[in-house]
Visitor: 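Quick one: the structure is below, questions incoming.
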Amino acid sequence: MDLQGELLEHPYSVYERLRDTAPVCRITGTDGTPAWLVTRYDDVRAALADRRLSLDKSHAKEGGYRGLSLPPALDANLLNMDPPDHTRIRRLVSRAFTPRRTEQLRAPIRATAERLLDDLGPAGTADLVAAYAAPLPIIVICDLLGVPEDRRIDFRTWTDALITPDPSRPRAAKEAVLAMLGFFTELMAHKRSRPADDLLSDLIAVRDGADGPDVADAVDGEGARDGDRLSEDELMSLAFLILFAGYENTVQLIGNAIHTLLEHPEEQARLRKDPSALPAAVEELARYEGPAPLALRRFPTEDITIAGVTVPAGETVLLSLSAANRDPARFPRPDLLDLDRDASGHLALGHGIHYCLGAPLARAETEIALAALLERYPVLEAAGPAPRWRPSLRARGLLELPVRYDTGHSPH
């Protein structure tokens, strides 16, 4: 079944139909090869935690999954790994993304958000994706990694080339990969010659045998053990993943949340009046319009049965996070934005051992971005034609978000 066009144009109505009639459905996957799409909440959640569904591409059957083509220096990342390698590498970096560490980043994130809003001025029109939702997470993740300001490239161009390929530019994705490889190669050399108090310097120290302060403590407070060292490809791939995923998912999360609140002005006004409701609101906004329609592809290591359908070993399984989050069996009246809803248990950021490593940071950035925006501008409304969604099943996000904004105060 070829659902690509329908899913891009009317995703939630298609998901509703599939949940009712074909909860495990064979489709054409994102890479053009056959795949199994799973859409019911209980099935998706269970599959996310099922160790028989592997992320390791070596389990894909011959002639099946193709996916993105990355060089080894970028491909040895957590998105392609199962335990024990996944456990080892995730443990090395997990300290940087704990809720406690995220709390320490709140003040710098808020300062960055305020600077971006200062650039917008007291009133006018702007594209809030380009001017706010995109630059905020790239600044935050680059600060965390320790990427020098003069080396901060427009990652949006690269990620767009990988996630939303342009058919008229067939070489764009390969060029983006080569550009990223060159960037990270130079960045690693720079950090080795000039280490600093940042996550990337810590990871390099672990790789090179001198435990960095944050990463060393991440391993049960004992420092990095010999078995927890990184290979050079793992180091490069981890830096790439942190930067790529830390930017890409959060752009969508922030942009989608703003767009949803523009469509629900009464809820926007409510949050402006009561900012303490924002943490819970972020969960409902993520459930309602999450950043990723699909979890990362998986490959059964043996024949498995999902909702009565047998999926052969080695075939590609796509788990629809968006469909699961709109499943009425789990969330009553799921197409209604309800900021009073208990949205805990939503799958927008995954579940199981591959749950988004940067989820606490993504939540904090979204909460702070919304708080600063709503506080600054009592007038915030859509401007111009309806914004366009990215033509991608890998990411659910807007190409632009034109708004009109006003502080309600005359400039001095």
Side-chain angles (χ1 to χ4, degrees), residues 30-31 57 66-80 93 112 116 127-191 198-200 203 233-256 291-294 296-297 356-358 361-362 365 388-401:
T30 55
D31 64 348
K57 292 180 286 188
R66 291 194 299 269
L68 295 174
S69 178
L70 294 174
L74 301 181
D75 207 38
N77 65 64
L78 293 170
L79 302 187
N80 297 320
V93 74
T112 298
L116 292 170
D127 172 6
L128 281 192
V129 170
Y132 193 56
L136 177 61
I138 194 60
I139 292 170
V140 170
I141 204 69
C142 282
D143 284 347
L144 180 66
L145 280 170
V147 179
E149 288 194 22
D150 62 352
R151 292 172 177 250
R152 295 181 184 182
I153 311 299
D154 183 3
F155 289 98
R156 194 176 178 204
T157 301
W158 292 343
T159 56
D160 279 352
L162 294 178
I163 291 177
T164 315
D166 183 349
S168 68
R169 300 182 59 223
R171 289 187 51 81
K174 184 175 182 179
E175 291 168 358
V177 168
L178 292 175
M180 283 189 283
L181 180 59
F183 170 79
F184 282 107
T185 300
E186 291 181 9
L187 181 60
M188 291 298 176
H190 174 79
K191 301 305 289 186
D198 57 60
L199 178 58
L200 196 51
L203 289 171
D233 282 352
E234 288 171 345
L235 171 63
M236 185 89 77
S237 295
L238 185 55
F240 158 72
L241 178 62
I242 292 171
L243 194 56
F244 185 93
Y247 161 70
E248 181 63 31
N249 280 340
T250 312
V251 172
Q252 262 64 261
L253 203 56
I254 295 172
N256 293 357
L294 304 170
L296 202 69
R297 76 290 175 275
C356 177
L357 182 64
L361 182 59
E365 288 182 65
R388 295 173 298 140
W389 292 96
R390 298 172 69 168
S392 172
L393 293 182
R394 294 190 175 101
R396 175 70 172 171
L398 295 161
L399 293 170
E400 71 279 315
L401 183 55

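This is a predicted model, so every value here is computed, not measured.
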Visitor: Please determine whether salt bridge (charged side-chain N to carboxylate O under 4.0 Å, His left out) holds for the pair Glu248 and Arg396, giving the CA-CA distance in whole Å, both sets of side-chain angles, and the decisive distance to 0.1 Å.
Guide: CA-CA 10 Å; Glu248 181 63 31; Arg396 175 70 172 171; over 6 Å; no

Visitor: Is there a donor-acceptor contact under 3.5 Å from the side chain of Glu234 to the main chain of Asn77?
Guide: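 Side chain of Glu234 to backbone of Asn77: no pair is present.
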
Visitor: Working to the nearest 0.5 angstrom, can you tell me the gap between Leu128 CG and Leu136 CG?
Guide: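 Reported value, rounded in 0.5 Å steps: 11.5 Å.
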
Visitor: Measuring from Phe244:CZ to Phe184:CZ, what's the distance to the nearest 0.5 Å?
Guide: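 With rounding to 0.5 Å, CZ (Phe244) is 10.0 Å from CZ (Phe184).
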
Visitor: Work out which heavy atom in Gly397 is nearest to a heavy atom in Gln252; give both atom names and the distance.
Guide: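 Heavy atoms of Gly397 and Gln252 come nearest at CA-CG, 3.5 Å.
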
Visitor: Keeping Asn80 on the side-chain end and Asp75 on the backbone end, is there a donor-acceptor pair under 3.5 Å?
Guide: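 Yes: the side chain of Asn80 pairs with the backbone of Asp75.
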
Visitor: Side chain of Asp127, backbone of Leu401: donor and acceptor closer than 3.5 Å?
Guide: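 Yes, the answer is positive, given that a donor and an acceptor are paired below the 3.5 Å cut-off.
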
Visitor: Would you name the heavy atoms of Thr250 and Ala362 that are closest together and state the gap between them?
Guide: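 What the structure gives for the nearest pair is OG1-CB, 3.8 Å.
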
Visitor: Apply the test side-chain contact (heavy atoms from CB on, under 4.5 Å) to residues Leu144 and Asp198: give CA-CA distance (whole Å), side-chain angles for both, the deciding distance (0.1 Å), then the verdict.
Guide: CA-CA 6 Å; Leu144 180 66; Asp198 57 60; over 6 Å; no

Visitor: Nearest 0.5 Å please: distance from the CG atom of Leu203 over to the CG atom of Leu145.
Guide: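 Spacing of CG (Leu203) from CG (Leu145) equals 8.0 Å.
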
Visitor: To the nearest 0.5 Å, how far apart are CG in Leu361 and CD1 in Ile242?
Guide: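 The distance works out to 11.0 Å.
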
Visitor: Rounded to the nearest 0.5 Å, how far does CG of Leu74 lie from CG of Asp233?
Guide: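 Atom-to-atom, Asp233:CG and Leu74:CG are 8.5 Å apart.
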
Visitor: Where the side chain of Ser237 meets the backbone of Ala73, is there a donor-acceptor pair that is under 3.5 Å apart?
Guide: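 Yes.
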
Visitor: Do you know which two heavy atoms are closest between Pro137 and Tyr132, and how far apart they sit?
Guide: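 It is CD-O, 4.4 Å.
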
Visitor: Are Arg390 and Leu398 side-chain neighbours, meaning at least one heavy-atom pair lies under 4.5 Å?
Guide: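 SC-SC contact between Arg390 and Leu398 ruled out.
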
Visitor: Can you confirm whether Phe240 sits close enough to Leu181 that some side-chain heavy atom of one is under 4.5 Å from a side-chain heavy atom of the other?
Guide: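 No, too far: nothing below the 4.5 Å cut-off.
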
Visitor: Taking all non-hydrogen atoms of both residues into account, name the closest pair between Ile254 and Ala133 and its distance.
Guide: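 The answer is CG2-CB, 3.8 Å.
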
Visitor: Rounded to the nearest 0.5 Å, how far apart are CG of Leu294 and CZ of Arg394?
Guide: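 Result: 9.5 Å between the selected atoms.
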
Visitor: Apply side-chain contact (heavy atoms from CB on, under 4.5 Å) to residues Phe183 and Leu243 and explain how you reach the verdict.
Guide: CA-CA 12 Å; Phe183 170 79; Leu243 194 56; 4.1 Å; yes

Visitor: Return yes if some donor-acceptor pair links the side-chain N/O of Lys191 with the main-chain N/O of Gly146 below 3.5 Å, else return no.
Guide: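 Confirmed, Lys191 side chain pairs with Gly146 backbone.
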
Visitor: Checking Met236 against Thr185 for the side-chain contact (heavy atoms from CB on, under 4.5 Å) test, could you report, in this order, the C-alpha distance in whole Å, the side-chain angles of both residues, the deciding distance, and whether it holds?
Guide: CA-CA 8 Å; Met236 185 89 77; Thr185 300; 3.6 Å; yes

